[in-house]
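Working notes for the structure below.
To find a chain, count down the sequence lines: A is the first, B the second, and so on, and within it residues start at 1. What you are looking at is a predicted structure, and each value in this text was computed from that prediction instead of being measured.
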Number of protein chains: 2
Amino acid sequence: MTTPDKPGLRERKKQRTRTAISDAAIDLFLDRGFAHVSVAEIAHAAEVSKRTLFAYFPTKEDLVVHRMADHEQEAARVVRARPAHTTPLTALRDYFLDGLRRRDPITGLNDHPAVRSLTELIYGTPALIDRMQRFKAGGERALAEALCDTTEASDLTARLAAVQIIGVQWALSADNFQRLVQGETADGRYEGAVRDAEHAFDLLANGLAALT
Amino acid sequence: MTTPDKPGLRERKKQRTRTAISDAAIDLFLDRGFAHVSVAEIAHAAEVSKRTLFAYFPTKEDLVVHRMADHEQEAARVVRARPAHTTPLTALRDYFLDGLRRRDPITGLNDHPAVRSLTELIYGTPALIDRMQRFKAGGERALAEALCDTTEASDLTARLAAVQIIGVQWALSADNFQRLVQGETADGRYEGAVRDAEHAFDLLANGLAALT
DNA sequence: TATATTTCTACACCAGGTGCAGAAAGATTC
DNA sequence: GAATCTTTCTGCACCTGGTGTAGAAATATA
């Protein structure tokens, strides 16, 4: 996938323009809120025409959420790359726990100001949440395929499992992040986050039957 | 909640206008596709000003998906209204199975032309899917609260369970509908849909541990 | 240096959505 | 039933996200 051949002036400039636009956008959004900044303003701040902005990002929302696009296929990759004799659920649990250890922003357990304020922006903007949901759905599809390809599960079973797993991961992340908003630190929250994640994956593995 | 006091001419007219607008919109959407009909056109067809249309429906998308809004709290209601000594999961499973029996559109198992083409419209329009996701999220929140209020489960456990349950129900519905699109009839699909639903709720109750 | 390609820009345009002031219609009082 | 109060509807101007297009500018190639 990587093409380290010749970056080429053109490609380098494109990459710089892209980040310049996104950075300008996020700066303005953080400052005044998503709705109160127009794309024209962003284009001006990035010293680019409005038309060019939309050549790089299909929508205003994507100016923010494009950074999460890489993570969309993550769960699917983890399942496909798991060692033999390892169950998908175990692989995903270990990966999530490792994410907590690394304070991976996607686990909701990163309280660096830049990460935090960006997450706050997303959670506080319905339009951005909608876009995130689309990534979530894409992640579900990818994981379902991975489960289908690497296990004996039926197509439907794979989809059901994928929906449950991705849903639970997002719920865990949202919970962690909400606690940071309420004042906990990432380090202070870490142990609880681990316990909760283990509990959640236990529920996934053993079911909700205990729920009365 | 119901106020059967005096409908009042004003209220009656409002209700009629509301359905007139929605009906006009859906007719046009089914005919030419969501993106190729402007709200101005819909307002004209419904003999109403554009401004009035937006007084009844906050967005173009809501012209279609507002009909699902009633179902948003359904799962939560079922859990709250369940008989004593009945587990939430059992109540929800029985309710879903009953929905299949009744060919409730929300189960994806209704092949009446009007229902079917409307569902096709929604599934075929990304903007409408996005709006549906918002209802899904609302349903998750409501169910989580219901579980929290009526069981011993912790707040987090309730949210995790809610996400799994609602996700599974939507996946089942989507699967049923997809089969209708591919040519199966609702009656022909019924038995398979029941089997799949039972399988799905088994997974929910007993977990994904069997998945290797 | 000359030329072919890609990218950027300016500009006009469409559509969804909002604010506002006044007209119209339903409710209320005598 | 007329006068008045209140809610709703309308038309219009306006903003903003997003697109089509033609030509200018910049990069790659020879």
Side-chain angles (χ1 to χ4, degrees), chain A residues 3 5-26 28-29 31-66 121-122 125-131 134, chain B residues 3 5-22 24-26 28-29 31-66 121 125-131 134:
Chain A
T3 51
D5 267 354
K6 305 162 76 179
L9 174 54
R10 207 161 238 169
E11 285 310 312
R12 267 180 291 143
K13 261 199 145 178
K14 270 172 82 166
Q15 203 47 50
R16 264 190 303 164
T17 307
R18 187 179 165 84
T19 63
I21 294 172
S22 175
D23 288 353
I26 288 175
L28 289 166
F29 290 155
D31 199 38
R32 313 204 326 256
F34 183 78
H36 298 100
V37 180
S38 74
V39 292
E41 212 169 341
I42 296 163
H44 182 76
E47 295 178 301
V48 154
S49 80
K50 195 176 93 174
R51 207 67 186 73
T52 299
L53 186 153
F54 281 114
Y56 281 89
F57 298 95
T59 70
K60 187 183 181 185
E61 287 78 23
D62 285 292
L63 289 165
V64 178
V65 301
H66 72 99
L121 173 69
I122 294 174
T125 309
L128 294 176
I129 294 184
D130 285 357
R131 257 308 188 284
R134 216 181 274 202
Chain B
T3 52
D5 268 354
K6 305 160 75 178
L9 175 54
R10 208 162 235 168
E11 285 310 313
R12 268 179 290 144
K13 260 200 146 178
K14 269 171 83 167
Q15 203 47 51
R16 264 189 303 164
T17 307
R18 188 179 163 82
T19 62
I21 294 172
S22 173
I26 289 175
L28 289 167
F29 289 155
D31 200 36
R32 311 205 325 254
F34 184 79
H36 298 98
V37 180
S38 74
V39 292
E41 212 169 341
I42 296 163
H44 183 74
E47 294 179 302
V48 156
S49 79
K50 193 177 98 174
R51 206 66 187 72
T52 300
L53 185 152
F54 282 113
Y56 282 90
F57 298 94
T59 69
K60 187 183 181 184
E61 287 77 24
D62 284 291
L63 289 165
V64 178
V65 300
H66 73 100
L121 174 68
T125 310
L128 295 176
I129 294 183
D130 286 355
R131 257 308 189 285
R134 215 181 275 200

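Checked against C:dT7, D:dC9, D:dG18, the side chain of B:Tyr56 finds its nearest nucleotide in D:dC9. For A:Phe54, counting side-chain heavy atoms from C-beta on, the closest listed nucleotide (D:dG17, C:dT18, D:dT10) is D:dG17. Comparing C:dT5, D:dG17, D:dT10 by their closest approach to the side chain of A:Val39 singles out D:dG17. Here the nucleotide nearest the side chain of A:Arg10, chosen from D:dT19, C:dT6, C:dA27, is C:dT6. Distances were taken from every side-chain heavy atom of A:Val48 (C-beta onward) to each of C:dT9, D:dT7, D:dG18; the shortest belongs to C:dT9. The listed nucleotides are C:dT7, D:dC9, C:dG17; the one nearest the side chain of B:Thr52 is D:dC9.
Between the CD atom of B:Glu41 and the P atom of C:dC14 there is a distance of 14 Å, rounded to whole Å. Distance CD (A:Glu11) to P (D:dT27): 13 Å, rounded to an integer number of Å. Across the protein-nucleic acid pair, B:Arg16 atom CZ and C:dA25 atom C1' stand 13 Å apart, rounded to whole Å. When rounded to the nearest whole Å, the span between CG of A:Leu53 and P of D:dT16 equals 15 Å. Distance A:Arg12 CZ to D:dA26 P: 17 Å, rounded to the nearest Å. As a whole-Å value, the separation of B:Lys50 NZ from D:dA13 P is 12 Å. With rounding to whole Å, A:Gln15 atom CD is found 17 Å from C:dT6 atom C1'. Look at CG on B:Leu63: it is 10 Å from P on C:dG16, rounded to the nearest Å.
Heavy atoms of B:Lys14 sit under 4.0 angstrom from primed sugar atoms or phosphate atoms, though from no base atom. Residue B:Ser38 is in sugar-phosphate contact alone, with no base atom involved, counting any heavy-atom pair closer than 4.0 Å across all strands shown.
Residue A:His36 holds its NE2 atom at 12.0 Å from CZ of A:Phe29, rounded to the nearest 0.5 Å.
Side chain to side chain, B:Ser49 and B:Thr52 meet the donor-acceptor criterion of an N or O pair below 3.5 Å.
Mapping B:Glu47 and A:Ala40 onto DNA chain D by nearest heavy atom places B:Glu47 closer to the 5' end of the strand.
At C:dA25, none of the side-chain N or O atoms of B:Lys13 fall inside 4.0 Å of OP1 or OP2 (strictly under the cut-off). Note on B:Ser49: a side-chain N or O is less than 4.0 Å away from OP1 or OP2 of D:dT10.
Counting heavy atoms from C-beta on, the side chains of A:Ile42 and A:Ser38 never come closer than 4.5 Å. A 4.5 Å side-chain heavy-atom check between B:Phe54 and B:Thr59 finds every atom pair outside the cut-off. With a 4.5 Å cut-off on side-chain heavy atoms, A:His66 and A:Tyr56 do not count as touching. B:Arg134 is listed as a side-chain neighbour of A:Pro126, based on a closest heavy-atom distance under 4.5 Å. B:Lys13 places none of its side-chain heavy atoms less than 4.5 Å from the side chain of B:Arg10. When side chains are defined from C-beta on, B:Glu41 does not count as touching B:Lys50, because their heavy atoms never get closer than 4.5 Å.
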Set out, line by line, the N/O atom pairs under 3.5 Å between protein and nucleotides 20-24 of chain D.
| residue | atom | partner | partner atom | Å |
| --- | --- | --- | --- | --- |
| D:dG20 | N7 | A:Arg51 | NE | 3.0 |
| D:dG20 | N7 | A:Arg51 | NH2 | 2.9 |
| D:dG20 | O6 | A:Arg51 | NE | 2.9 |

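A donor and an acceptor atom never sit less than 3.5 Å apart when one is taken from the side chain of A:Lys60 and the other from the base of D:dG18.
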